[in-house]
Amino acid sequence: MQEQTKTDGIFEGPYDAKAHEVKIYEKWMSSGFFNPDNLPVEKDAEPYIVYMPLPNVTGSLHMGHALDNTLQDISVRYQRMKGRRALWLPGTDHAGIATQFVVEKDLKKQGISRFEIGREKFIEKVWEWKNIYGGLILEQLKRLGCSADWSRTRFTMDPEYAIDVQKTFVHYYERGWLYRGFRTVNWCTRCGTSLSELELEYKDEDTNLWHIKYSDEIIVATTRPETMLGDTAIAVNPNDARYTKLIGTKVMLPLVNREIPIIGDEAIDQTFGTGMVKVTPAHDVLDFEIGERHKLPMVIVIDARGKMTKEAGVYEGMKVLEAREKIIADLGDKVIKIEPYPHRVSICYRCNSLIEPIPSMQWFLKMKELAGKATDAVQSGKVSITPERFSKTYFDWLSNIRDWTISRQIWWGHRLPVWYCEKDSEKFKVSAEKPSACEHCGECKMVQADDVLDTWFSSALWPFAGLSESDRKKYYPGHTLITARDILNLWVARMIYSGLEFMGEAPFKNVLIHGTIMTKDGKRMSKSLGTGIDPLKYIEEYGADVARFAVVWQASGQDIRWDETAVIGGRKFTNKIWNAAKFVMGSQNAETQINEENPDGITEADKKILEELKNLKESVGKDIEGFEFSKALHDIYEFFWHSFCDTYIEASKEQMKVDGQKENTQKVLFHVLSSSLKLMHPFMPFITEAIYEKLPIENKKLLLVEKW
RNA sequence: GGGCAAUUAGCUCAGUUGGUUAGAGCGUUGCAUUCACAUUGCAAAGGUCACUGGUUCGAAUCCAGUAUUGCCCACCA
């Protein structure tokens, strides 16, 4: 077997992912082809843009990212091989509260509080932290093999990005959609900031429903007796025959001895509790609205740190729960019934602390028109959400939307471009640049708002703020957004209306919502619970291709209960691919260069494999475009392993002994191998590139940019 | 309280518009092995497709209901 010696050696031993992956990634990087401007495609080649869901700078690669980004990489690599100018736009999000939280904790270890060092110094520290750790996740994505255009990487606090954020704010203000108001908002007493309703999480709690007798006729049921100190009315349903005669009368509030009115309001459910509700406009969002309707005063009894205020009299300084106990005790026999009551309380999505509704001065964005735009985009089909059922979640949120509290009382973030008069803080000017003089008092220098914007206010602009002016002309609008369902409203909806408002077009056409990866017993993967599985472990051990295979193999669309055996399957498959390549190369007459792209089908086996290959190519292309990644991978696996390796390669051994069939068999083997590598490349980019590199093909390009 | 999803082999899951013996990966059993790969090949065992009823010539697939599980939403204090 003299003629087989030429390729011997290069495929020796099993495939060593570690040895290949770093080198291959470097080749891709130095080719410059991740940047669509450098692609060897026709000048008028159509662009194809995928927007990376911005990972937080505090993030590190978890299974969700691995899934998310593998699917995006498959799309991008496929489109790139199809000859389009494929751009995968990467970046990181400054993640206001999350990052501030992490850096604060870091400083705390050194015994420093942010208040000691002050705002400016603290922000410097955050930048320092960001510069060290903020790029970590992007490096991890590179190890996964992601072919994003890293030369375009943006951070949501980059100076250019900040300009768009300010412009947006000013634009909304000029549209009349921004307003400032002293309102009861969700407040995290640990983070010391307001939160929007999407930033809340919930926890079930067993508490009590205390029935408190205010007078002989007035008995209310409440889960929060301590807020009674701030009651400014009692409300009943005006249609409640039992109580209509009470409306307009007054009652003395126990412990406080303040007279409060009994009012009628439709929002009251007659069937709950006693049908009478204590109204505490300062400490309940619903009560605030009732208060607005009836012009009730606000009595603030809980402060921003969750302690009772001076208004709370003898309870001043107590924590909420302490005050609750004390008040129940002090009420004595006025508490006529204590009923166990399972209840859901709001907690902060970043630090899990209890949320207190507290009144404060905040900025709000009117959502009506923007929500309408976002609704239309999906209703008209300009943007499609896959699977379709998630459109419902999207529409439901948009149709019940409330104004968005966009100001946050933290330090890390985009400061509001609002400038206050130093003499009169009620007077302000909204402007991207600092005004040269104060229009109000004529003398002061004006000070910028202390508040920063909700992080999602800036990430909503990502599809255009992440692009330079010239890129916007070339690449906006994009095509695809692939993400998990938890940010559909938090982020996707906001990107859609922002794009429509500022660019006149929705930023992408397709939104794919993939399943969530859970543990094998169906629990949420979470670092803090210790239930997470680190994808880097698999990349280390078996290589990125195997990790990608395992993730896509299981990603059918439903939630995934992570199954380790898929990793084993992937590892065996890479071995199979490697060995098949070794066999095919060993079978070739290596004296000649191989150019044959379309061999004949002479034998039945030839015809069958060529036909199957053709069909596979068609279905895989269709499946990738239709986001059926897992199906495509299963089909490729089935074809390569069983049709090609088990059936055709076995047949080829006999065929090559037959005169007149040998040469064509070699061609078929080679053709099927090289074509399969192309089909597999988006899924398993490293091993396919590593093998392709060794094939004796004239004018060979990187597989990365070979024609699909 | 409302909505969505899931329930198929020991485990994790496929099963497009209803159509011959219901599939895959992993696991299990038997046989094979100097010939690309034992990270292998061939073969086999293993399923009243959650339950009940209905539509149909025909249902894992369509309809109604029940049960269990999970997720999301909601200003019932």
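Reminder, nothing fancy here: chain letters follow the sequence lines and each chain counts from 1.
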Would you kindly give the [atom1]-to-[atom2] distance between [X] and [N], to the nearest whole Å?
X        : N     : atom1 : atom2 : answer
A:Asp635 : B:A24 : CG    : C1'   : 11 Å
A:Phe549 : B:U39 : CZ    : C1'   : 13 Å
A:Arg571 : B:U40 : CZ    : C1'   : 13 Å
A:Glu650 : B:C35 : CD    : C1'   : 10 Å
A:Trp553 : B:C13 : CH2   : C1'   : 10 Å
A:Arg389 : B:C4  : CZ    : P     : 11 Å
A:Glu197 : B:C75 : CD    : P     : 8 Å
A:Ile517 : B:U12 : CD1   : C1'   : 13 Å

Geometric class of the A:Phe639/A:Phe644 ring pair [parallel <30°, tilted 30-60°, perpendicular >60°]: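 A:Phe644 and A:Phe639: parallel rings.
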
Proximity of A:Phe627 and A:His514 rings by center, below 6.0 Å: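 No: the rings miss the under 6.0 Å criterion.
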
Pairwise [atom1] distance for [N] and [M], with rounding to whole Å:
N     : M     : atom1 : answer
B:G53 : B:U17 : P     : 26 Å
B:C31 : B:U21 : C1'   : 25 Å
B:G15 : B:C72 : P     : 24 Å
B:U61 : B:C51 : P     : 10 Å
B:U16 : B:U52 : P     : 23 Å
B:U12 : B:G3  : C1'   : 28 Å
B:G19 : B:G1  : P     : 39 Å

Less than 4.0 Å between a side-chain N and a carboxylate O, is that true for [Y] and [X]?
X        : Y        : result
A:Glu618 : A:Lys614 : no
A:Lys537 : A:Glu564 : yes
A:Asp563 : A:Lys520 : yes
A:Lys657 : A:Glu654 : yes

Is there a side-chain polar atom (N or O) of [X] under 4.0 Å from OP1 or OP2 of [N]?
X        : N     : answer
A:Lys631 : B:U16 : no
A:Lys576 : B:G41 : yes
A:Trp641 : B:G41 : yes
A:His642 : B:G25 : yes
A:Tyr341 : B:A77 : yes

Contact nearer the 5' end of RNA chain B, comparing A:Ala566 with A:His343: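 Comparing both residues, the 5'-ward one is A:Ala566.
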
Residue whose nearest RNA chain B nucleotide is more 5′ - A:Leu198 or A:Lys278: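 Nearest-nucleotide comparison on RNA chain B picks A:Leu198.
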
Donor/acceptor link under 3.5 angstrom from A:Lys392 side chain onto base of B:C4: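 Side chain to base: no pair present.
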
No-H, no-angle donor-acceptor pair, A:Arg344 side chain to B:A74 base, under 3.5 Å: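 Side chain to base: pair found, below 3.5 Å.
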
Short side-chain to backbone donor-acceptor contact, A:His634 and A:Trp553, under 3.5 Å: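 Yes, A:His634 side chain to A:Trp553 backbone: donor-acceptor pair under 3.5 Å.
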
Check: A:Asp396 main-chain N/O paired with A:Ser399 side-chain donor or acceptor under 3.5 Å: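 Between the backbone of A:Asp396 and the side chain of A:Ser399 there is a qualifying donor-acceptor contact (under 3.5 Å).
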
Sugar-phosphate only, base, or nothing, as touched by [X] at under 4.0 Å among non-hydrogen atoms:
X        : answer
A:Lys520 : sugar-phosphate
A:Asp486 : nothing
A:Arg224 : nothing
A:Tyr637 : sugar-phosphate

Polar side chain donor-acceptor pair, A:Glu201 to A:Tyr349, under 3.5 angstrom: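 No pair is found: no donor N or O on one side chain lies under 3.5 Å from an acceptor on the other.
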
Dot-bracket encoding per residue of RNA chain B, Watson-Crick/G-U cut-off under 3.5 Å, | denoting interstrand: (((((((..((((.....[...)))).(((((.......))))).....(((((..]....))))))))))))....

Listed nucleotide nearest any side-chain atom of A:Lys572, set B:C13, B:A77, B:U39: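 For the A:Lys572 side chain, the nearest candidate turns out to be B:U39.
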
